[in-house]
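Some notes on the structure that comes next.
Numbers restart at 1 for each chain; the letters A, B, ... are given by sequence-line order, proteins then strands. Predicted model, so just to flag it, every value in this text is computed and none were measured.
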Amino acid sequence: MECNEKDGWRGESCLMTNFERSDQIRRTTSAVMTSLTALCTFVAIGILVIILSYIAWQGIASLSFRFLVDSPRPVGEGGGIGNAILGSVALLALSSAFGLPFGIAVGVYLSELGKGRFAAIVRFIADTLTGIPSIVTGVFVYTILVLPMKHFSALAGGVALALVMVPIVARTTEEMLKLVPHSLREGALALGAPQWRVTLGVVIPAGASGIATGAMLAIARVSGETAPLLFTAFGSRFFNYYLDQPIASLTMQIYYYALSPYDEWHAQAWAATLVLMTLILSINIVVRFLTRKRF
Amino acid sequence: MRTALENGSDKPKFVGRGSDWRHLLSPTGNAGDAVFRGLMLSAALLVVAIVASMIFALTSDSMLSIRQFGFAFLTSREWNPIRGEFGALPFIYGTVMSSLIALLISVPLSLGIAIFLVEQAPYYVARPIGFLVELLAAIPSVVYGLWGIFVLAPFLRVYVEPRLARWLGWTPFFRGSITGIGLLTGGIILAIMVTPIISAVVRDVLAAVPSSQREAALALGATKWETTRVVLVNGAPGIAGAVILGLGRALGETMAVTMVIGNRPQISASLFEPSYTIASAIANEFTEATQDLYLSALVELGLILFLVTFVVNGIARILVWNVTRKTGGVARAA
């Protein structure tokens, strides 16, 4: 037997070979599992690349200047997504106007003022609110705004998107303000500044870039939302300049065109997706670039 | 030394001579502080009020349906708006099944990604790759739906489902007509959508496991994988939290699922068959609901979805917080 030849001490050397054998198995297992984890990562990135390149390939085909400014037309007559782009911009502006100050105020409260049980409850509710399906937010806004006003409106759509935004902005603002060193606050307080001046004049400016990136991420997230708009903003095939009227959005336009039976509208859905993805990806990449040092 | 900051707002320690309105909100009695605190506090209160009024509005608007059907709403299979019969069971089945398929696929995938990024890849590789995986979460639901209809569904119909039917057709799960539109496609699209969320949270959880655990395992002669297993055991509650968080997202996902699941209220064991989820029923039928009872039944579906996701997310947050908070890590808002 092999183990006899290796060494004079029979027992110990046999033990060694057994050990070496199990060592072999352990090393192989480790190598296999390690490469499996790499494979998982590769699969995820592969899916991302496939989706993005398919959008680019399909979308570029029907993209043109006319497409970007025209309003929808019947099948066979071309038409574009100008009203949907305008509608999306209007909805984003509305939701930012409601959601950003509100969310930032909640974040400031959680980071600077709130202590104890109530703050913990607010934080917990904000976190769980992030996970509430946005379609439920849509139903909620329908019952509190659309029913009393008797019709769908851009305003209701903006409120629905703002509700999606608030918890995201609140939590990122809180995290960003907590990164501001305590010595800054103490220094300002020691100079005799009241707390509101310390927060507004020292803490928020110090955390401003972080708050801004949080706000941008929230806008990127909300710009892709469809579900909360279906029965609040409702969509429209025309340019609309009134906030109490139904308004179009890129996402709803993509949805309706994707489910239509016409190839021409499918092609337009891809082109609209390319426009939307360009917006969302550029926000994400800019944010990534800005926060490179922080994380 | 105590600063005004540390005194806290709710119980002013140094209420001075005049306990007027300013002292109610601010321990220092500074008028500006009182206004500022009042404003921020009302924003925080508004968040609580919004959730409370969500529960109230959804409940009061579904009262009609709750009174009419009671508990049978959850157990009835019949969904027939024309005859005024509303039972949520097919939607509950579709929601639960599509989410389970999603978790079955995405949990191993996300664990692999998180382990690779935290335990294996060097820093300069992990950062850009982590960003790319997170980008999957930035793609809107409706875009996944569009891609699902025109790329994933035909792919499954031509290449995957015929093979599944041939190899696993003896089980009840892979039978019936092959269309590419159905429960399986919905589950796969959901899996792609929740993977970045689960993997991001697991990443934070694994990163929060103290490196002394790894060093101890390595010092005992453990291989890379054995060390990883030690880390996984340490982060187990947080990983469970991440999975539940993914479940919460999968349960409420609307647009992508609506576009590929087929939207037929039926209960069938076969994953090839069309199904319907709670969220997609609301999305599809809400604007069509003309009778009060129909609308009320749909709002009740929304209420169910709200309550379930609220509880699921609450559990997930508690699990994840407990793990990441100990070491000062920050759980990303998913």
Side-chain angles (χ1 to χ4, degrees), chain A residues 26-27 29-30 33-34 36-38 40-41 43-45 47-48 51 54 102 105-106 108-109 113-116 122 124-133 135-136 139-140 143-144 168 171-172 175 185-186 189 194-196 220 224 226-227 230-231 251 254-255 258 269 273 277 280 284 288, chain B residues 3-5 8-10 30 32-33 36-37 40-41 43-44 47-48 51 54 57 61 109 112-113 115-116 120 129 131-133 135-136 138-143 145-147 149 151 192 195 223-225 248 252 254-255 259 279 282-283 286-287 299 302 305-306 309-310 313-314 317 330 333:
Chain A
R26 289 171 56 221
R27 276 171 197 280
T29 315
S30 182
M33 295 311 283
T34 309
L36 272 183
T37 64
C40 287
T41 315
V43 167
I45 292 179
I47 292 173
L48 177 76
I51 294 179
Y54 198 83
F102 182 14
V106 176
V108 167
Y109 176 81
L113 307 170
K115 297 270 146 62
V122 173
F124 182 76
I125 286 184
D127 262 1
T128 29
L129 203 56
T130 325
I132 295 299
I135 185 101
V136 175
V139 173
F140 172 63
T143 60
I144 62 160
I168 306 173
R171 293 289 278 136
T172 41
E175 301 298 348
R185 296 183 182 89
E186 282 160 6
L189 284 170
Q195 198 190 352
W196 66 276
T226 320
L230 289 175
F231 19 87
T251 50
I254 294 169
Y255 177 58
T273 302
M277 286 308 297
I280 292 174
N284 272 282
R288 179 70 177 184
Chain B
T3 61
L5 251 182
S9 60
D10 14 37
N30 180 303
D33 267 1
F36 177 65
R37 276 170 179 270
M40 299 300 126
L41 182 66
V47 170
V48 181
V51 172
M54 260 188 180
D61 278 33
L109 194 64
I113 295 169
I115 292 169
F116 178 77
Q120 259 112 42
I129 289 189
F131 173 61
L132 287 180
V133 175
L135 268 192
L136 271 177
I139 299 178
S141 182
V142 70
V143 175
L146 181 72
W147 185 77
I149 292 179
V151 183
I192 300 174
T195 295
T223 60
K224 252 188 173 180
W225 175 245
T254 313
M255 303 316 294
M259 291 161 87
I282 302 172
F286 204 77
T287 46
V299 176
L305 195 57
F306 175 88
T309 48
F310 199 85
N313 276 293
R317 293 294 171 186
V330 173

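- The only option from B:Leu109, B:Ile115, B:Ile113 that meets the side chain to side chain contact (heavy atoms under 4.5 Å, CB included) definition with A:Thr37 turns out to be B:Ile115.
- Between atom CD1 of residue A:Ile47 and atom CG of residue B:Leu136 there is a gap of 7.0 Å, rounded to the nearest 0.5 Å.
- A:Ile45 touches chain B through its side chain: at least one heavy atom from C-beta onward sits under 4.5 Å away, while N, CA, C and O do not.
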When you look at B:Thr309 and A:Val136, which way does the side-chain contact (heavy atoms from CB on, under 4.5 Å) test go after all the steps? CA-CA 10 Å; B:Thr309 48; A:Val136 175; 5.9 Å; no
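- At least one side-chain heavy atom of A:Thr41 sits less than 4.5 Å from a side-chain heavy atom of B:Ile129.
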What's the verdict on side-chain contact (heavy atoms from CB on, under 4.5 Å) for B:Trp225 and A:Leu36, showing C-alpha distance, side-chain angles and the deciding distance? CA-CA 11 Å; B:Trp225 175 245; A:Leu36 272 183; over 6 Å; no
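- Only the side chain of B:Thr254 comes within contact range of chain A, judged by heavy atoms closer than 4.5 Å.
- Looking only at heavy-atom pairs under 4.5 Å with chain A, the residue among B:Gly302, B:Ala57, B:Ala283, B:Ser141 that has the most is B:Ala283.
- Looking only at side-chain heavy atoms (C-beta outward), A:Leu113 and B:Leu41 stay at 4.5 Å or farther from each other.
- Both the backbone and the side chain of A:Leu48 have a heavy atom closer than 4.5 Å to some heavy atom of chain B.
- At least one side-chain heavy atom of B:Asn30 sits less than 4.5 Å from a side-chain heavy atom of A:Trp196.
- Shown here for A:Asn284 and B:Ala138, the closest heavy-atom pair between the two residues is ND2-CB, 3.5 Å.
- Using a 4.5 Å cut-off between heavy atoms, B:Val47 touches chain A through backbone and side chain atoms alike.
- For B:Ile149, the part sitting under 4.5 Å from any heavy atom of chain A is the side chain, from C-beta outward, and nothing else.
- To the nearest 0.5 Å, the span separating CD1 on A:Ile125 from CZ on B:Arg317 amounts to 13.5 Å.
- The main-chain N or O of A:Gln195 is found under 3.5 Å from a side-chain atom of B:Asp33 such that the two form a donor-acceptor pair.
- In this structure, OG1 in A:Thr34 is found 4.5 Å from CD in B:Gln120, a value given to the nearest 0.5 Å.
- Taking CZ of A:Arg27 as the start and OG1 of B:Thr223 as the end, the distance is 8.5 Å to the nearest 0.5 Å.
- Across B:Asn313 and A:Gly131, no two heavy atoms sit closer than the pair ND2-O, 3.3 Å.
- Atom CG in B:Leu132 sits 9.0 Å away from atom CZ in A:Arg288 (nearest 0.5 Å).
- Listed options A:Ser30, A:Ala220, A:Gly224 were ranked by heavy-atom pairs under 4.5 angstrom with chain B; first place goes to A:Ser30.
- Looking at B:Thr287 and A:Leu230, their side chains never come closer than 4.5 Å, going by heavy atoms from C-beta outward.
- Contacts of A:Ala269 with chain B are made by both backbone and side-chain atoms, with heavy-atom separations under 4.5 Å.
- Of the possible polar contacts, none joining the A:Thr128 side chain to the B:Gly314 backbone as a donor-acceptor pair under 3.5 Å is found.
- Heavy atoms closer than 4.5 Å to chain B are found in the side chain of A:Tyr54, but not in its backbone.
- A heavy-atom distance below 4.5 Å is found between the side chains of B:Val299 and A:Val139.
- Distance CD1/A:Ile51 to CD1/B:Ile192: 5.5 Å, rounded to 0.5 Å.
- Note: A:Ile132 leads A:Val122, A:Val43, A:Thr273, A:Ile132 in heavy-atom pairs under 4.5 Å with chain B.
- Ring geometry for B:Phe286 against A:Phe231 counts as tilted: the plane angle lies between 30° and 60°, on a 0 to 90° scale.
- The salt bridge (charged side-chain N to carboxylate O under 4.0 Å, His left out) check on A:Arg26 picks up A:Asp23, B:Glu226, with sequence neighbours excluded.
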